[in-house]
Amino acid sequence: MTKTKVNPYEVQGEINYDRLIKEFGIKKIDKELLTRIKKITGEIHPYLRREIFFAHRDLEKLLDAYESGQKFFLYTGCGPSGPIHLGHYSVWSFVKWLQDKFDVELWFQFTDDEKFLYLKNKTYEEIQDWTKQNMLDVAALGFNPEKTHFLIDTKHADIMYPEAIRVAKKITFSTIKASFGFTDSNNIGSIFYTAMQTVPIFLPNVLNKKSEYCLIPLAIDQDPHFRISRDVVQKLGHKKPTILHAKFMSPLTGATGKSSSSNSSKTILMTDSPSTIKTKINKYAFSGGQETTEEHRKKGGNTETDVACQWLKYFEWDDEKLEKIYKEYSSGKLLSGEVKAILIEKINGILSEHQERRKDAENQLDKFIFKS
Ligand code: TRP
């Protein structure tokens with residue numbers, strides 16, 4: 001069996017999220033916290049109900065502050081090295097919900113430096129191209145342009161670099177080695193990079209001469225960066241950020257690892273056409289059904305291993321409808337192909353709207369890119 005690894009540069013093996021909570025020293029989002037969130041937002045997002053966003057660091061502190069009238073800002077990011085897929089989309093659609101419900105600013109970092117430094121086969125120009133393409137998708141998610149600021153590491157170096165060196169001075173090479181499994185042969189840019197990902201935790205406060213809390217929603221593989229950041233920013237006189245951790249959306253082909261843009265048959269891209277979506281799901285989505293229809297009717301399917309069932313947790317937000325699908329699939333009334341058809345229709349709806357908005361996004365980018 002392959003050893004489980006979860007860090008920004010490697011996700012490998014069967015992931016046990018309860019074990020990760022212990023290993024990472026994070027906390028599960030419990031009922032009490034959900035109740036507190038609901039008091040503010042009026043509803044519990046399905047991703048919270050369904051434990052897709054399942055863990056946190058210091059969420060209590062952030063809610064205490066918010067309840068006592070203090071604002072916070074959101075910070076998340078994108079490593080622009082390929083097309084945006086539904087795994088990214090689901091995390092960011094939750095970020096949008098947070099922005100709308102809490103009515104807060106969002107700082108969105110595009111780490112073109114990171115992707116250039118880490119990926120052997122990509123040129124600087126290719127990464128710039130992906131940065132542009134990815135910004136269009138993020139803009140198309142419908143964030144409030146008045147309250148959303150894109151930071152592009154190489155383009156905003158004038159405001160970011162002075163802060164990054166303050167951070168870098170407090171991180172040793174041995175910490176980076178231990179956190180990411182680096183050796184002496186990693187390039188020196190990649191060793192520095194965590195400093196850049198740390199900066200947006202406090203940059204808005206430096207720019208606006210404020211001291212607001214920062215909330216970072218992320219997929220759990222990004223946590224190791226911020227474990228380092230949390231120590232360092234405090235030493236620099238800033239507040240430790242609050243973090244919300246999401247599980248990975250499983251690849252179409254089965255339960256381990258995470259969706260990735262580097263293998264486009266394993267996931268659905270935001271730019272896929274209805275016929276591509278249909279083909280990919282019918283051809284690649286791992287089925288939890290039985291070999292033959294007859295057997296399936298008798299024994300029923302497995303909703304836990306069936307990728308279409310699992311993906312519906314992300315896209316069918318009506319609990320009753322989802323439960324009905326699960327029940328009928330487990331009992332054998334619904335066939336794999338029928339669940340896939342439900343998923344295809346859901347995704348088609350989401351993507352056709354996204355693709356419309358993406359066409360307009362070009363005119364919006366200028367509003368989103370931060371001007372200092
Ligand atoms: N490193 C992330 C990636 O490769 C991008 C990123 C930058 C990020 N800042 C972030 C992700 C903050 C989550 C939260 O995708």
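Order of listing sets the numbers, starting from 1, for every ligand and every atom in it.
In this structure, Phe226 is part of the shell of residues with a heavy atom less than 4.0 angstrom from ligand 1.
For ligand 1 and Ile216, the ligand atoms under 4.0 Å from any heavy atom of the residue are 14 (C). The distance from ligand 1 to the heavy atoms of Lys115 drops below 4.0 Å at these ligand atoms: 4 (O). Those atoms of ligand 1 with a heavy atom of Glu114 less than 4.0 angstrom away are 1 (N), 2 (C), 3 (C), 4 (O). Taking every heavy atom of Thr111 and a limit of under 4.0 angstrom, the matching atoms of ligand 1 come to 5 (C), 7 (C). Counting the atoms of ligand 1 from 1 in the order shown, those under 4.0 Å from a heavy atom of Leu218 are 13 (C).
A salt bridge links Arg358 with Asp137: at least one charged nitrogen is closer than 4.0 Å to a carboxylate oxygen. Here Lys239 does not pair with Glu212 in a salt bridge; the nearest charged N to carboxylate O distance is not below 4.0 Å. For Asp64 and Lys61, the salt-bridge test fails: no basic side-chain N is under 4.0 Å from an acidic carboxylate O. With respect to the salt-bridge test (charged N to carboxylate O, under 4.0 angstrom), the residues Lys39 and Glu67 do not qualify. Salt-bridge check for Lys298 with Glu294: failed, with every basic side-chain N at 4.0 Å or more from each acidic carboxylate O.
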Please report the C-alpha distance between Lys177 and Asp184 in whole Å, then the side-chain angles of each, then the deciding distance to 0.1 Å, and finally whether the salt bridge (charged side-chain N to carboxylate O under 4.0 Å, His left out) criterion is met.
CA-CA 9 Å; Lys177 275 189 190 169; Asp184 284 355; 3.0 Å; yes
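When only interatomic distances are considered, the shortest N/O to N/O separation between Tyr75 and ligand 1 falls below 3.5 Å. Between Gln197 and ligand 1, an N or O atom pair is found at a separation short of 3.5 Å.
If you look at Thr76 next to ligand 1, the close heavy atoms, those under 4.0 Å, come from the backbone and the side chain alike. Contact annotation: for Cys78 versus ligand 1, heavy atoms closer than 4.0 Å belong to the backbone alone. At a 4.0 Å heavy-atom cut-off, ligand 1 does not touch His225 at all.
Of the protein's non-hydrogen atoms, the one nearest atom 2 (C) of ligand 1 is Gln222 OE1, 3.4 Å. Closest to atom 11 (C) of ligand 1 among all protein heavy atoms lies Gly77 O, 3.5 Å. In terms of protein heavy-atom proximity, atom 7 (C) of ligand 1 is closest to Gln109 OE1, 3.3 Å.
Cation-pi geometry between Arg227 and Phe24 is met: under 6.0 angstrom from the ring centre, within 45 degrees of the axis.
Remark: side-chain polar atoms of Thr175 are not paired, donor with acceptor, to backbone N or O of Ile171 under 3.5 angstrom. Listed for the Lys340 side chain is a donor-acceptor partner under 3.5 Å among the backbone atoms of Ile281. Judged by distance alone, with hydrogens and angles left aside, the side-chain atoms of Tyr118 form no donor-acceptor pair with the main-chain N or O of Tyr9 at under 3.5 Å.
When the options Ser81, Pro8, Gly79 are ranked by their closest heavy atom to atom 15 (O) of ligand 1, first place goes to Gly79.
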